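From a predicted model like this one, the values you see are computed outputs, not experimental measurements. Proteins come first, then strands; the chains are lettered A, B, ... in the order of their sequence lines, and each starts at number 1.
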Amino acid sequence: MSATLKHAAWVLRGNPVTALAATGATLLVLIAIFAPWLAPHDPILSNVPMALQPPSATYWAGTDQLGRDVFSRLLVATRLDLAIAVSAVGISFAAGAVIGSFCGYIGGWLDKSVGRLVDVLMAFPLFVLAMAMVAALGNRVENIVIATAFINLPFYIRFARAEVNVRRNLGWVEAARSGGESHMTIVLRYLLPNILPAMAVQISLNLGWAILNAAGLSFIGLGVQPPTPEWGIMVAEGARFITAGQWWLVAYPGLALMLTVLCFNLLGDGLRDILDPRMRT
Amino acid sequence: MRALKSVGVRVGRRLVASVPALLGVVVFTFVLMRVLPGDPAVFFASGPNAGQAEIQMIREQMGLDRPVHEQLIRYFSEIGRGQLGRSMTTGQAVVADLRERLPASLELTLVALILALGAAIPLGILAALRPNSPLDHVVRFVCSMGVCVPTFVSGLLLIYVFYVVLGIAPDPTGRIDIFAASPPDITGFLLLDFAITGDWEGWRAAAGQIILPACTMALFVLAPLARMTRASMLAVLGSDFIRTARSIGLSRWKVIVVHGLRNALLPVITITGIVFSTMLGANVLVEKVFSWPGVGSYALDALLGSDYAPVQGFVLMMALAFVVVNLLIDVLYGIADPRVNVE
């Protein structure tokens, strides 16, 4: 274990940007966990006399139309935003990796029919599909997770399928087969772990995308309901005041979204550079 | 002639191959829309206190009392006749609504794509000419930033800077000032219509309205385009024929643009196609921020009002656009690199 950590530290020293991104991501997770204790003000309690105050020493990011502290709301929202993205990506990764691996390993009609289904999904405008799914399943946070996971699924299936397909007849797979392992074991115990590093890149790049997607859905009023602090809905509420000059209601949640997505994207880029330097663009 | 024929064959094959996907899209959206909460018949009835009999009558009129598979067959036969049903909120046929609003969305997406390509290709080339130089890092940084800011945030911030603070952008609502005269409806693209009629003042006003939403979208898609250009140019510039072209003393411009860029174009075309179809779908958010009267905001309003037909029509149209864009790319491939035609 300590050898792995040492190796990771050695790799990160050579990639300052990736190291920075990794630190940022860790910090985000810590904020997500400890936000309720870190927030200087109550994120829900309104304080109308102090409404729409610009950023100051007391209110670092200003106050919104109900006098709530924007900075506290930003901190508290981290947990919900990260939770939505992580669970959505987790679900689509788990399902997509298993489905894609079996398709790549078995091939034949299963591969063909799943491939067709994936084609159909990819022909959809994905954001609109997510919108329609949340509207159809009901306007709740769980359904944002399901919809985001669903529109990510095709990418994972394709990716896992391609990765398994090039490995299915390699020596060590043949060896496992001739050793009498069942196909189930070969896919789940040998092939899946083998494609995990490549998929880690995909996961990291996808997390940023999932956050943007979830924020976009709540921006148009689907999923998260008003008093709950969430970055997308904070931007939506602030949008009404932008022409009146109250920029902090949009700028700070926007900054939070940007930094979070940036962290995960840079982390994904860094992981890819380490795992496969040729893919760098 | 032979090249033309081979393009035709490829296009035909692609069209046939896309039919199952399109059918799948129609069926899937249809089923999804039937799960939407809210009874459209109640919504469509004259008011909240409409009688049970009236609601029942509307249900029968809309065919909602039939089993789902029968409704689906009816929908297919409607599509066969070129109809997509009727919107309950606007009271018009969905086809007419879409036709009225599509030019707005297309104009916005095309202008955004032109802006994005106009910035991304030079940036990508510059970055590829000097890999790992400060310039390369700046381009990389700008691209990474662009893809991290959600369009609804960058749109609002652009409004703040250019409308509220600097006051140089017009009121960010719609395609044209409410008090301005709109041009005669020739193509539906305001910029083209104004140019055709020679109304340059109107053209400037329309351009002022479109520039902010177009920039918002362009910023978001800058990254994939510039990065692909850089990677592709980098690979081409290292190849033998570029070395030869340089060694025989061709001008720098000729080496980079004529010989380099042309050979680096294929991957860029592919990614442009992908970007264009995602932009058409991602329009929804930008159109909402700028109150743009396009198909995206139309579908969004319909969805929030549980109005089936427009959403189905919108999704089908987007899937069709996806197919058409892929076809166009196939054709462009053959023009950019004739070797593709020789399979």
>> Report which part of A:F219 has an atom under 4.5 Å of a heavy atom belonging to chain B: side chain, backbone, both, or neither.
In response: both

>> If I measure from the heavy atoms of chain A, does B:F141 come under 4.5 Å with its side chain, its backbone, both, or neither?
In response: neither

> Taking the inter-plane angle between the rings of A:Y252 and A:W247 on a 0 to 90° scale, is it parallel (under 30°), tilted (30 to 60°) or perpendicular (over 60°)?
Replying inline: tilted

>> Taking side chain as everything from C-beta outward and backbone as N, CA, C, O, which of these in B:V149 sits under 4.5 Å from a heavy atom of chain A? Side chain, backbone, both or neither.
In response: both

> Where on B:V147 is there a heavy atom nearer than 4.5 Å to chain A: the side chain, the backbone, both, or neither?
Replying inline: both

> Who are the salt bridge (charged side-chain N to carboxylate O under 4.0 Å, His left out) partners of A:R79, not counting sequence neighbours?
Replying inline: none

> For B:A319, is it the side chain, the backbone, both or neither that has a heavy atom under 4.5 Å from a heavy atom of chain A?
Replying inline: both

> Which residues satisfy the salt bridge (charged side-chain N to carboxylate O under 4.0 Å, His left out) test with A:R240, sequence neighbours excluded?
Replying inline: none

>> Before you tell me yes or no, could you show the steps for B:V153 and A:W231 under side-chain contact (heavy atoms from CB on, under 4.5 Å), namely the whole-Å CA-CA distance, both residues' side-chain angles and the distance that decides it to 0.1 Å?
In response: CA-CA 10 Å; B:V153 171; A:W231 296 332; over 6 Å; no

> What residue, out of B:I159, B:L300, B:L320, has the most heavy-atom pairs lying under 4.5 Å from chain A?
Replying inline: B:L300

> Out of B:A226, B:S154, B:C148, which one racks up the most heavy-atom pairs below 4.5 Å with chain A?
Replying inline: B:C148

> Which pair of non-hydrogen atoms, one from A:V235 and one from A:V250, has the smallest distance, and what is that distance?
Replying inline: O-CG2, 4.0 Å

> If you measure from the Lys or Arg side-chain nitrogens to the Asp or Glu carboxylate oxygens, is any gap between B:E287 and B:R101 under 4.0 Å?
Replying inline: no

>> Given heavy-atom pairs under 4.5 angstrom as the criterion, report whether the side chain, backbone, both or neither of A:L126 touches chain B.
In response: neither

